[in-house]
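In what follows, a structure is listed as structure tokens, so that the remarks can point back to it.
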Amino acid sequence: MEKETKTVAICIATFKRPELLHNCLASIGQLIIPDNYTAIIVVVDNDSERSGESGFNKAIKNINIDSYYYVEPEQGLSAVRNSLLEKALDHNVDFIAFIDDDELPHKQWLINIIKGFKINNSDIVTAPVLPINESVAPDNFTTNPNRPSGSTPRTISTNNVIFSKKLIGEHGLRFDRYFDFIGGEDFDFFDRAIKKGMTPVWIDDAIVFETIFLERKTRKYIIYRHFTGGINAIMRYRRHHSLMVAWSKYLPKIIGKIIGALISLIISPFYEHKKNFNKFLIKASNGIGYLCGLLNIIVERYRY
């Protein structure tokens, strides 16, 4: 008896990055699809002017996967991701995968991430995102022996994840609009899924690559990323806990971050100056971000 074919929606949110979207879709077009599975591509553009449509139309000419382009005019990370969920449900899929529009899946990505589902009998599977300088996914990669397949992920984001549709069907989960412009909506979404009994697993061989541009390598970007990341961590915690509880949990962490930053700064002239100075920047920026979050000083990083 022939097995029932299951459908995976590969979901991509985009905003004013048509060339990156094109590269992402071109890489998806090279995927090897597992036996007894069908894939579709669902793109939701958060730009009402449809800036991603040109990249989408150019890419799908060379893709043998059914592809769909939609627009979500209401701004916000949660808004566009919820639109992706709704569109996926409209297509009656069994699994939903998310990657970012600046990422490139390895050709074995879908095979390996589906295999992770089967082997681990999980509801959520997440995997690595590896930095590259190219705009085409390489054939080879190296796994991290410190994070073996089958382990439990600390956090789960939408940059490389697949999950059962029961998270949004049976359990009714959606991305919280509170996080529209500050980010962290994906961490919060999967945290709530786990609290509802959904089982997550990390696998090390379902690789997605992210092209790292020069501006993301600057110290200015490092400071901004870890500063806003600190704020974001606090706001996620405060969403479900009182401010007093948040202070009691994060004040010791702030003190630890500042002490660690000072140690990195002091030793930087003696040991690998650049590496230790970057550690100082990361710890200090993150600690200050924590403090700003507790003081309700918010940076809406994703408001355009």
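Here the CG-CG distance, from D176 to N82, works out to 9.0 Å after rounding to the nearest 0.5 Å. Separating the CH2 atom in W202 from the CD1 atom in I124 is a distance of 14.5 Å, to the nearest 0.5 Å. The CZ atom of F163 sits 4.5 Å away from the CD1 atom of I96 when rounded to the nearest 0.5 Å. Atoms CG and CD1, on N121 and I119 in that order, are 11.5 Å from each other to the nearest 0.5 Å.
Relative orientation of the F277 and F280 rings is tilted, given thresholds of 30° and 60° on the angle between their planes. Ring orientation note: the planes of F95 and Y37 are tilted relative to one another, at an angle of 30° to 60°. Ring geometry for F175 against F98 counts as perpendicular: the plane angle is over 60°, on a 0 to 90° scale with 30° as the lower cut. Using the six-membered ring where Trp is involved, Y69 and F56 have ring planes that are tilted, between 30° and 60° apart.
Considering all non-hydrogen atoms of both residues, N160 and A206 come closest at ND2-O, 2.9 Å. Listed here is the closest heavy atom pair of L25 and I41: CD2-CG2, 3.6 Å. In plain terms, the two heavy atoms of T126 and I156 that are nearest each other are CB-CG2, 4.0 Å. The two atoms that bring T211 and S135 nearest to each other are OG1-CA, 4.0 Å, heavy atoms only. Here the shortest heavy-atom pairing between A59 and A26 reads CB-N, 4.4 Å. The minimum heavy-atom distance linking M235 with G293 is given by the pair SD-O, 3.9 Å.
H240 and D188 are linked by a side-chain donor-acceptor pair at a separation below 3.5 angstrom, with hydrogens and angles left out of the test. Looking only at atom types and distance, the side chain of S149 has a donor-acceptor partner in the side chain of D204 under 3.5 Å away.
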- [ ] Take R192 and L173 through the side chain to side chain contact (heavy atoms under 4.5 Å, CB included) test and state the conclusion after the steps.
- [x] CA-CA 8 Å; R192 287 184 286 120; L173 285 169; 3.4 Å; yes
Task: Criterion side chain to side chain contact (heavy atoms under 4.5 Å, CB included) on V208 and N159, from CA distance to verdict - done: CA-CA 8 Å; V208 166; N159 60 4; over 6 Å; no
Task: Evaluation steps, ring pair (Phe, Tyr, Trp, His ring centres under 6.0 Å), between F179 and Y302 - done: CA-CA 10 Å; F179 298 101; Y302 298 99; over 10 Å; no
Task: side-chain hydrogen bond (donor to acceptor under 3.5 Å, both in side chains) assessment of S164 paired with D123 - done: CA-CA 6 Å; S164 168; D123 303 298; 5.3 Å; no
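Side-chain contacts under 4.5 Å among hydrophobic residues (ILVMFWY), followed directly or transitively, place I212 with no other residue at all.
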